[in-house]
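A quick note: this is a predicted structure, and the numbers were derived from the prediction, not measured. Naming convention: chains lettered A, B, ... in sequence-line order (proteins, then strands); numbering from 1 in each chain. Heavy atoms only: backbone and side chains are in, while hydrogens, waters and symmetry mates are out.
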There are 2 protein chains.
Amino acid sequence: MSYETQPIVDRIKEARQAKSMSQRELSKLAGVPQGQISRIESNAVDLRLSSLIAIANALDLELALVPRKAITAVQSITRQTTDHRPPQYPAIGKELSHMQMALRSLRTQSLAIAQADEFQKALASLNTLSIPTDYLAQIRNVRKAVEQITKSQNQMKAITDATKAITYLRNNIAHSTTTQIRNVPPKPAYSLEEDDDA
Amino acid sequence: MSYETQPIVDRIKEARQAKSMSQRELSKLAGVPQGQISRIESNAVDLRLSSLIAIANALDLELALVPRKAITAVQSITRQTTDHRPPQYPAIGKELSHMQMALRSLRTQSLAIAQADEFQKALASLNTLSIPTDYLAQIRNVRKAVEQITKSQNQMKAITDATKAITYLRNNIAHSTTTQIRNVPPKPAYSLEEDDDA
DNA sequence: ACATCTGATATATAATTGTATATAAAAAAT
DNA sequence: ATTTTTTATATACAATTATATATCAGATGT
């Protein structure tokens, strides 16, 4: 739509994808219909301020008016507090995404908030590494375990167990990659899909 | 209108008033009708993103999406780069406002950009002081001179002269107020009008 | 008293939004 | 493998709402 709105709209879309949320999931959190989010992200509409604020807040973002003089400083801070994930093999990336989704749906049900926070930290730590495909099977197992937590009798224990598994994995990977140089995920030179972030 | 939009809308209004712009003046700069600005500032509409961006930019503000973790830091920077004017006697405040208005309208006509910048700096420096009413007459004279610049033959000289006058005034005032303690402008305990900033 | 500038408002038009549904892609199951 | 089910995004249409144009009433200053 309007040329000036593009950067804001793009940042919304990137933020949602960085959290590996679906439009529908964001829709529920923000109270904005999924169809509307679709139109917004494709920049087909000039959305209203209330919608923008609702969506931004659902993504843990705040809308701010920054003096022109201060924008470089603000951008710098924003970059620092935004986590940049390293590239991952697609299969690995999916497993990580699914774990984050499972964690979020857990948060809406379970009361084990502190444990969920711990798990989130462990997962974030794992997310800083480029993970070799060797670990795919192990990660998949952890993911399945995480997705079962909901149905578990003792959710608290199930979460802490998962956290331990993740932490263990992370340490293994970190160690192996520092010892021997691993090849980095493929990173195709071009992609037929729209690319996530430059 | 919507309760969440209020803070943003308020900041827009404050920014406009801080620059002592009229809604019409902002309207021309932003390309948004004055009537619309009126409705926006009274929070009677849920404005569209393109309007918000246009208005913000006209006020030298940038719309930014800030991670929740970073908002305190951003607010801190924003406060630092936003100039807090000291209270002024109403008559003095009006003179200062009129000079800023004159300067802006000058910018749209004259090519003396560097000189205008100099003048703006001098004016900003004067604006940091709480000015005693003793100087009203002098300030008024300068203001009238500034308002005549448009019609002047040699605009460059007229501007630099005005800058000198302002700087001179500023130094006088700064000296007199440090030497002998002056009483600060009235600051009524309550006001029947809406108040500018807390 | 008059001219000018301020912010507010009525109306027509154009656009977003909500509801519901469609299409496409991915996962699961047989 | 192929069919079925689920999930993810896109779109059609009606209702609601913002926006532009024009005009208004009030304040301010000359």
Side-chain angles (χ1 to χ4, degrees), chain A residues 1-2 4-5 8-9 12-14 16-17 19-55 90-91 93-95 97-98 100-102 104-105 140 143-144 147-148 191-194 196, chain B residues 1-2 4-5 8-9 12-14 16-17 19-28 30-55 90-91 93-95 97-102 104-105 136 140 143-144 147-148 192-194 196:
Chain A
M1 173 104 298
S2 161
E4 299 113 8
T5 63
I8 297 282
V9 161
I12 290 286
K13 184 171 186 177
E14 286 162 18
R16 177 180 69 80
Q17 290 176 337
K19 287 181 179 276
S20 51
M21 266 192 212
S22 70
Q23 292 183 349
R24 212 171 284 281
E25 202 176 351
L26 176 57
S27 162
K28 280 194 208 123
L29 254 74
V32 174
Q34 176 272 323
Q36 184 63 5
I37 293 181
S38 169
R39 282 178 296 227
I40 290 168
E41 289 190 351
S42 60
N43 210 9
V45 291
D46 188 0
L47 80 164
R48 307 215 173 123
L49 178 56
S50 64
S51 305
L52 177 59
I53 292 177
I55 293 172
K94 273 174 195 164
E95 297 298 331
S97 294
H98 282 288
Q100 293 195 341
M101 288 178 52
R104 272 200 303 276
S105 77
R140 179 167 289 159
R143 186 213 83 204
K144 286 182 179 168
E147 290 179 339
Q148 295 303 322
S191 165
L192 299 178
E193 314 289 333
E194 55 187 327
D196 304 24
Chain B
M1 171 106 302
S2 160
E4 299 110 9
T5 62
I8 297 283
V9 160
I12 290 287
K13 184 171 186 177
E14 286 162 19
R16 176 179 68 81
Q17 290 175 337
K19 287 181 179 279
S20 51
M21 268 192 209
S22 70
Q23 291 184 348
R24 273 208 165 71
E25 201 175 352
L26 176 57
S27 163
K28 279 192 210 128
V32 174
Q34 176 272 323
Q36 183 65 2
I37 293 180
S38 169
R39 282 180 296 242
I40 289 168
E41 288 191 351
S42 60
N43 210 9
V45 291
D46 188 2
L47 79 164
R48 305 211 176 125
L49 178 56
S50 64
S51 305
L52 177 59
I53 292 177
I55 293 171
K94 272 172 196 165
E95 296 299 332
S97 294
H98 282 287
M99 276 198 266
Q100 293 195 341
M101 288 178 52
R104 273 199 302 278
S105 78
L136 180 55
R140 179 167 289 160
R143 185 212 82 203
K144 286 182 179 168
E147 289 178 340
Q148 296 304 322
L192 298 178
E193 315 289 332
E194 54 189 326
D196 303 26

Trainee: Which part of the nucleic acid, if any, lies within reach of L47(A) when heavy atoms closer than 4.0 Å are counted: base, sugar-phosphate only, or nothing?
Mentor: sugar-phosphate
Trainee: If I take atom CD from residue E147(A) and atom NZ from residue K144(A), how far apart are they, to the nearest 0.5 angstrom?
Mentor: 9.0 Å
Trainee: Between C1' on dT16(C) and CG on D46(A), what's the gap in Å once rounded to a whole number?
Mentor: 9 Å
Trainee: Side chain of Q23(A), heavy atoms from C-beta onward: which of dA8(D), dT16(C), dA10(D) has the nearest atom to it?
Mentor: dA10(D)
Trainee: Atom CD of E41(A) to atom P of dA10(D): distance rounded to whole Å?
Mentor: 8 Å
Trainee: Rounded to the nearest 0.5 Å, what's the gap from CE on M101(A) to OG on S22(A)? Could you check?
Mentor: 6.0 Å
Trainee: Could you check whether Q34(B) gets within reach of a base, just the sugar-phosphate, or nothing at all, counting any heavy atom under 4.0 Å?
Mentor: base
Trainee: With a 4.0 Å cut-off on heavy atoms, is S42(B) in touch with a base, just the backbone sugar-phosphate, or nothing at all?
Mentor: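 Since no nucleic acid heavy atom lies under 4.0 Å of S42(B), the category is nothing.
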Trainee: Send over the distance from I37(A) CD1 to dT19(C) C1', rounded to a whole Å.
Mentor: 15 Å
Trainee: If you only use heavy atoms from C-beta on, which nucleotide in dA12(D), dG7(C), dA20(D) is closest to the side chain of V32(B)?
Mentor: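 Output: dA20(D).
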Trainee: Show, in sequence, the C-alpha distance, side-chain angles and deciding distance for N43(A) and T5(A), and conclude whether the side chain to side chain donor-acceptor pair (under 3.5 Å) test is met.
Mentor: CA-CA 8 Å; N43(A) 210 9; T5(A) 63; 3.3 Å; yes
Trainee: Tell me what S22(B) touches on the nucleic acid: a base, only sugar-phosphate, or nothing, going by heavy atoms under 4.0 Å.
Mentor: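 Result for S22(B) = sugar-phosphate.
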Trainee: Report the distance from atom CD1 of I40(A) to atom P of dT16(C), rounded to the nearest whole Å.
Mentor: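 Between P of dT16(C) and CD1 of I40(A): 10 Å.
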Trainee: Nearest to the side chain of R143(B) - dT30(D), dA18(D), dT11(C)?
Mentor: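 In terms of side-chain proximity for R143(B), the closest of dT30(D), dA18(D), dT11(C) is dT30(D).
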Trainee: From R104(B) CZ over to E25(B) CD, what is the distance, rounded to the nearest 0.5 angstrom?
Mentor: 4.0 Å
Trainee: Whether S38(B) contacts dA8(C) is assessed here as follows: a side-chain N or O lying under 4.0 Å from the phosphate OP1 or OP2. Is that the case?
Mentor: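 Yes.
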Trainee: What nucleotide, of dT9(D), dA20(D), dA27(C), holds the atom closest to the side chain of R24(A)?
Mentor: dT9(D)
Trainee: Quick one: M101(B) CE to dT6(C) P, roughly how many Å, whole number?
Mentor: 6 Å
Trainee: So, under a plain 3.5 Å distance rule, would you say the side chain of R39(B) forms a donor-acceptor pair with the base of dG7(C)?
Mentor: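 Such a pair does not exist between side chain and base.
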Trainee: Does R16(A) reach a base, just sugar-phosphate, or nothing at all? Heavy atoms under 4.0 Å.
Mentor: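 R16(A): backbone/sugar contact only, no base atoms under 4.0 Å.
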Trainee: Indicate yes or no: at least one non-hydrogen side-chain atom of I12(B) is less than 4.5 angstrom from one of L52(B).
Mentor: yes
Trainee: Just how far, in rounded Å, is C1' of dA8(D) from CG of L26(A)?
Mentor: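 About 13 Å, once rounded to whole Å.
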Trainee: Rounding to an integer number of Å, can you tell me how far K94(A) NZ sits from dT7(D) P?
Mentor: 16 Å
Trainee: Calculate the interatomic distance between E95(A) atom CD and dA26(C) atom C1'; express it in whole Å.
Mentor: 14 Å
